[in-house]
Amino acid sequence: MGGPEDGEDGENGTPRPKRLRLSEEQTQLLEGTFRKNCVLSHSAKEELAAKVKLTPRQVEVWFQNRRARIKLRRAKNECKLLRQRFKLLTEENQRLQQEVKELRALVVAAPASTITMCPRCKGVTSVAGTQHCSKTPDTNLGL
DNA sequence: AGGGTCAATGCGGCCT
DNA sequence: AGGCCGCATTGACCCT
């Protein structure tokens, strides 16, 4: 498929050509064009290829790889965010498990007649006379 | 030495 | 059928 520079494919014994490294100027031109549009029309590709002194195929490959790099970077970022979220949810889960444990202990320890429903969080029990929710009624209106 | 980067290749799928 | 693209992979090169 249109080998680098001279078009040879490097098969049947001939050593594979060294990897081309684009100059700063070439990269800047390609990058600038990519920023405007990440896909190239046929004519734009020809034009850009002439400008950066590469073959249209090399320009095409550069754009393909550039798109792949963007996708990879996004995936890595997303992975990082998901890990952070997972960590936070794990911590919250641990807190809630602990709270459940404490509430269960409370229910077991208290005589049934002393247990009342918490008016704020409904459904979670509290021992009469003790405060269950840490928030005051006024500050709890938001939820 | 080994991992990361990047130009290049090969292949399959889609479109016209 | 031919061109283009996405994707996986390769191999040279760079950095630590």
- Task: Using atom CG of A:Leu20 as one end and atom C1' of B:dT5 as the other, report the distance to the nearest whole Å.
- Result: 14 Å

- Task: Begin with the C-alpha distance, continue with both residues' side-chain angles, and end with the deciding distance and a verdict on side chain to side chain contact (heavy atoms under 4.5 Å, CB included) for A:Arg74 and A:Glu78.
- Result: CA-CA 6 Å; A:Arg74 282 189 186 147; A:Glu78 198 182 341; over 6 Å; no

- Decide side chain to side chain contact (heavy atoms under 4.5 Å, CB included) for A:Trp62 and A:Leu54; before the verdict, give the C-alpha distance in whole Å, the side-chain angles of both, and the deciding distance to 0.1 Å. CA-CA 10 Å; A:Trp62 188 91; A:Leu54 292 173; over 6 Å; no

- Task: Grab the CD-C1' distance between A:Gln26 and B:dA8 for me, whole Å please.
- Result: 15 Å

- Base C:dA12 to side chain A:Arg19, donor-acceptor N/O within 3.5 Å cut-off: yes

- Message: Tell me whether the side-chain N/O atoms of A:Arg57 come closer than 4.0 Å to OP1 or OP2 in B:dA8.
- Response: no

- In whole angstrom, what separates A:Leu22's CG from C:dA12's P? 18 Å

- Note on the structure: Of A:Phe63 and A:Arg21, the one whose nearest nucleotide on DNA chain C sits closer to the 5' end is A:Phe63

- Query: Rounded to whole angstrom units, what separation is found between the CG atom of A:Leu54 and the C1' atom of B:dC6?
  - Reply: 14 Å

- Item | Distance in angstrom units between A:Arg69 CZ and C:dC7 C1', rounded | 15 Å

- Is the shortest heavy-atom distance from the side chain of A:Lys71 to the side chain of A:Arg67 under 4.5 Å? no

- Picking from C:dC13, C:dC5, B:dA8, which would you name as closest to the side chain of A:Asn65? B:dA8

- Query: Of the nucleotides C:dC7, C:dC4, B:dA8, which has the atom closest to the A:His42 side chain?
  - Reply: C:dC4

- Message: Can you work out whether A:Arg73 or A:Gln64 has the more 5'-proximal nearest nucleotide on DNA chain B?
- Response: A:Arg73

- Query: From B:dA8, C:dC5, C:dC13, pick the nucleotide closest to the side chain of A:Arg67?
  - Reply: C:dC5

- Item | Polar side chain donor-acceptor pair, A:Glu102 to A:Gln98, under 3.5 angstrom | yes

- Could you work out which one of B:dT5, C:dC14, B:dA8 sits closest to the side chain of A:Lys76? B:dT5

- Please tell me which of the listed nucleotides, C:dG6, B:dA7, C:dC14, lies nearest to the side chain of A:Trp62? B:dA7

- Length of the line joining A:Glu60:CD and B:dG10:P, which is rounded to integer Å: 15 Å

- Message: By nearest atom, which of the nucleotides B:dT9, B:dA8, C:dC4 is closest to the A:Gln58 side chain?
- Response: B:dA8

- Query: CZ of A:Arg69: more than 12 outside heavy atoms within 6.0 angstrom?
  - Reply: yes

- Task: Whole angstrom is fine here: how far is it from CZ in A:Arg66 over to P in B:dA7?
- Result: 10 Å

- Message: Nearest to the A:Lys71 side chain among C:dC7, C:dC5, B:dA8, which nucleotide is it?
- Response: C:dC7

